[in-house]
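Only one structure is covered here, and it is reproduced in the block below.
Numbers restart at 1 for each chain; the letters A, B, ... are given by sequence-line order, proteins then strands.
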Protein chains: 4
Amino acid sequence: MSTPQAARTAKAAPTKTPDASRRSQRSRQAILDASMELVGEVGYNRLTIEAIASRAGVGKQTIYRWWSSKAAVLLDAFLSVVHDNGYDNGIPDTGDLEADLKAVLRATADEFTDAGFEAPYRALAVAGAADAELAQEFVERLQEPGLEVYIRRLRLAQEAGQIAEDLDLHLAVELLLSPFQQRWLTRSGPLTYEFTDRLVEMALRAFR
Amino acid sequence: MSTPQAARTAKAAPTKTPDASRRSQRSRQAILDASMELVGEVGYNRLTIEAIASRAGVGKQTIYRWWSSKAAVLLDAFLSVVHDNGYDNGIPDTGDLEADLKAVLRATADEFTDAGFEAPYRALAVAGAADAELAQEFVERLQEPGLEVYIRRLRLAQEAGQIAEDLDLHLAVELLLSPFQQRWLTRSGPLTYEFTDRLVEMALRAFR
Amino acid sequence: MSTPQAARTAKAAPTKTPDASRRSQRSRQAILDASMELVGEVGYNRLTIEAIASRAGVGKQTIYRWWSSKAAVLLDAFLSVVHDNGYDNGIPDTGDLEADLKAVLRATADEFTDAGFEAPYRALAVAGAADAELAQEFVERLQEPGLEVYIRRLRLAQEAGQIAEDLDLHLAVELLLSPFQQRWLTRSGPLTYEFTDRLVEMALRAFR
Amino acid sequence: MSTPQAARTAKAAPTKTPDASRRSQRSRQAILDASMELVGEVGYNRLTIEAIASRAGVGKQTIYRWWSSKAAVLLDAFLSVVHDNGYDNGIPDTGDLEADLKAVLRATADEFTDAGFEAPYRALAVAGAADAELAQEFVERLQEPGLEVYIRRLRLAQEAGQIAEDLDLHLAVELLLSPFQQRWLTRSGPLTYEFTDRLVEMALRAFR
DNA sequence: CAGTAAACGAGACGGTACGTCTAGTCTTCGG
DNA sequence: CCGAAGACTAGACGTACCGTCTCGTTTACTG
């Protein structure tokens, strides 16, 4: 931002874009932390910008300056936690695809049952479903990376000849994960191991 | 509702339960119509009870008297439209399961692309995802009946020996429909015929 | 308000004018009371609509519904106090004009030195000086009635031949009271009895 | 402000007093100019420090460093203009006191009707009425010097035996000017020549 | 067929949160 | 190392709706 070009660009675009290089990292982190805390305490609908600002010890304008909506704040907050926790170790490859997938889905079921994870994630899913603009960010930054680790595991299986070589891997992962996500989102049924195991078995039959 | 029992019940419960037999059908319908119109015009988040009341030419209290939330209003409004349109005649049975399913999913894709249908349905899905209480109603009154027609068709195929006889039909329908619903809800991809056809093919492999 | 005309008028004027007949007198009085209290405590510049609403136990909208600015609230509040206190007993007529005016001005000086009176009155004078629209109301409803009682006393003196018969009484009262008001408003000097007595004497010389 | 004394004072008070000797005269003048422009454009209430800083091409801190309030800025700005314009050459002395005063008051009425003069002067009067601290500066630096020129003229008349020799000249000037200022400040009547002439005549009767 | 009780249209009410604005302070960086 | 630039905390602004609570006014059953 201190390069000549940047300076010129800043002058050429006199829009009210704030100068990111001067952003207070202290405030940013306090806002993200407060958001995660509050969404866990009161849920998304009762989460307010005012409460976030107050809890973070920050002026409201500082939130409005850097984010366009409370959902955008929450998305950053969630991603920040996810990345801090290491996130993407990928799916283990023991050679036994079915066992690997069952293990991962069981773990995912546990995760989605944990209140600390569920509240913000559901909030984001809801906000994304309601708002097309946010949906794109939600899908790109959170959902697609999640699918990608499955695709990589399936590709290994494909190379090992365990599943059909002409299989559309992206669609395959949708077939595997969507029933899980749909059940969770609409609460149309419990996320038991029984469910996840049967789901893996049935999906795998489609992959061969 | 004008039976002696109903009258007695009303007296036995001097809580503010309104007398349904005196309900104005004129107002009820005006509210449902206004809701459907407005959700199409401004979306769910900007849909307000005040606007519905104003558009319907009705006092706010008349809405609060009979419904617990704007989502509840919308659910009734949507079901009223669905029922008026004859709703679900079931899935045709030409003997060719794959062709039948492809045809129905293509039709469903068209339906979900229609703005008049999408706006209220998405609103309900969002409200259901956010609110557990409403979710149950949403699933029971709208989603499960939708699955049921698929289950019936699969049962016929099962009896005809076209799919595995020990197949869990409910789970099977989830496998078939969830990827579709998930794509639509999160807008993670387009609902093309290409997509629905491949989906049917892949799911059917899992059913045999 | 239940006459046919009134009903028709109401329909003919769909402006957002609130229905004064349904106004809560309880809230009105609470707002006026709170305004007078607060202006005495924190002064006009730090007087906020939010604080008035909070102190009065009233929603902000109830203030905005009935008044156009905090100065308008305060004007009503001040007039309400003034009217409750009897206000206009007129100026005594002992036959001795000089003595009567000196007595009244001494009393007025005392009044303008009382903090409970000064704070809101100064606030109104300031607001009126700054805002032309409010100024008119301030002058008409508060200042002119104040002058009027002096004019009446001078007219009696005029009829008794104590002052010039062609005297412009309005201008005469301005000559008498403006130095007092100006001193008070700009704090350019103290409002002592010495000052008010000399002022009356000098003004009276101009009246003969 | 750049005299040795001033510098010493600054050092003697190691509080955050800025070093006046390093003050940018360029910024100072730009701030004063911007203040006068803006107060004429938007009035006092909508005059903001931010707007002044922006118009003057100056950081906000540069204003806060040297002035305690926007009224203080404006007072300096106004005095700077007044002094540049030569200010007060005193009241002419043709020997005819009534004619001289009438001429000056007519000229003053014209001045107070001029928008370029009125806006900042009214702003200062309002600020002074609201804020006791500023009021003192306002009176001392702007109002008293104004009265002084009248006092000097009256003293000449007194020495010439045209008015009473025991007349309190300060009070006399208040009697003459306050009705004028009061009318202007509260807009309780028009500043016509008719008004100023009658005012002079009436006041002069009190002076003899 | 009058009397009456509940639902109704209307909208004022006490509140909460919104997104914007300005005040006055604090931080960064270029000249 | 001063000053412009502007991000920061703080909090009031005026608006929009919330859900509750009267107001009269229909409306439809009951005595």
Side-chain angles (χ1 to χ4, degrees), chain A residues 1-2 7 10 16 18-24 26-27 30 46-51 53-54 56-66 68-70, chain B residues 2 7 10 16 18-24 26-28 30 46-51 53-54 56-66 68-70, chain C residues 1-2 7 10 16 18-24 26-27 30 46-51 53-54 56-66 68-70, chain D residues 16 18-19 22-24 26-27 46-51 53-54 56-65 68-70:
Chain A
M1 272 305 192
S2 58
K16 296 288 174 88
D19 181 347
S21 69
R22 306 188 57 179
R23 184 168 188 179
S24 160
R26 206 171 157 284
S27 295
R46 277 186 304 239
L47 177 68
T48 66
I49 300 265
E50 301 217 322
S54 168
V58 137
K60 282 199 290 178
Q61 200 57 48
T62 301
I63 299 181
Y64 286 111
R65 191 169 9 249
W66 300 109
S68 58
S69 67
K70 68 178 178 180
Chain B
S2 59
K16 296 292 175 80
D19 179 349
S21 71
R22 307 192 58 173
R23 183 168 188 180
S24 161
R26 206 171 157 283
S27 295
R28 191 188 112 96
R46 278 187 303 240
L47 177 67
T48 66
I49 299 265
E50 299 216 323
S54 168
V58 137
K60 283 199 288 179
Q61 199 56 47
T62 302
I63 298 181
Y64 286 111
R65 188 176 298 120
W66 300 109
S68 59
S69 67
K70 69 177 177 181
Chain C
M1 273 307 193
S2 58
K16 295 287 171 95
D19 181 347
S21 69
R22 304 187 57 182
R23 185 167 186 181
S24 161
R26 207 171 157 284
S27 295
R46 276 186 303 238
L47 176 67
T48 67
I49 299 265
E50 300 217 322
S54 167
V58 137
K60 280 199 289 179
Q61 200 56 48
T62 300
I63 299 181
Y64 287 110
R65 186 160 24 240
W66 301 108
S68 59
S69 66
K70 68 178 176 178
Chain D
K16 295 292 176 77
D19 180 347
R22 310 193 76 176
R23 183 168 187 179
S24 158
R26 206 170 156 285
S27 294
R46 277 186 304 238
L47 176 68
T48 65
I49 300 265
E50 302 219 319
S54 167
V58 137
K60 283 198 290 178
Q61 199 54 45
T62 303
I63 299 181
Y64 285 111
R65 210 189 325 274
S68 59
S69 67
K70 67 179 178 182

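- Closest non-hydrogen pair, B:Ala56 versus B:Ala30, comes out as CB-O, 3.6 Å.
- In this structure C:Lys60 satisfies the side chain to side chain donor-acceptor pair (under 3.5 Å) test together with C:Glu50, sequence neighbours excluded.
- Atom CH2 of residue B:Trp66 and atom CZ of residue B:Arg28 lie 10.5 Å apart, to the nearest 0.5 angstrom.
- The side chain of A:Ser24 lies closest to F:dC8, out of E:dG9, E:dC13, F:dC8.
- The shortest non-hydrogen separation linking C:Gly59 to C:Ala53 is C-CB, 4.2 Å.
- Of the side-chain N and O atoms in A:Arg23, none sit less than 4.0 angstrom from OP1 or OP2 of F:dA7.
- Put simply, CD1 on D:Ile63 and NZ on D:Lys70 are 11.5 Å apart, with the number rounded to the nearest 0.5 Å.
- Residue D:Ser27 has no polar side-chain atom (N or O) positioned under 4.0 Å from OP1 or OP2 of F:dG3.
- Looking at which nucleotide of DNA chain E each of C:Trp66 and B:Gly57 is closest to, the 5′-most match is held by B:Gly57.
- Annotation: the span from B:Asp19 atom CG to B:Arg65 atom CZ amounts to 11.0 Å, rounded to 0.5 Å.
- The interatomic distance linking A:Arg26 (CZ) with E:dT25 (C1') rounds to 14 Å, in whole Å.
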Summary of protein contacts for nucleotides 26-31 of chain F, nucleotide by nucleotide, where a base hit scores B, a sugar-phosphate-only hit scores S (4.0 Å, heavy atoms): -B----
Could I get a table of every N or O pair under 3.5 Å where one atom is in the protein and the other is in nucleotides 13-15 of chain F?
unit_1	atom_1	unit_2	atom_2	d
F:dC13	OP1	C:Ile49	N	3.1
F:dC13	OP2	C:Ile49	N	3.3
F:dC13	OP2	C:Glu50	N	3.1
F:dG14	OP2	C:Tyr64	OH	2.7
F:dG14	N7	C:Lys60	NZ	3.0
F:dG14	O6	C:Lys60	NZ	2.7

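- Straight-line distance from the CD1 atom of D:Ile63 to the P atom of F:dA5: 12 Å, rounded to whole Å.
- The distance between atom CZ of D:Arg65 and atom P of F:dA5, rounded to the nearest whole Å, is 14 Å.
- A:Arg26 CZ: 12 or fewer foreign heavy atoms inside a 6.0 Å radius.
- Residue D:Val58 has its side chain nearest to F:dA4 when only F:dC8, E:dA7, F:dA4 are considered.
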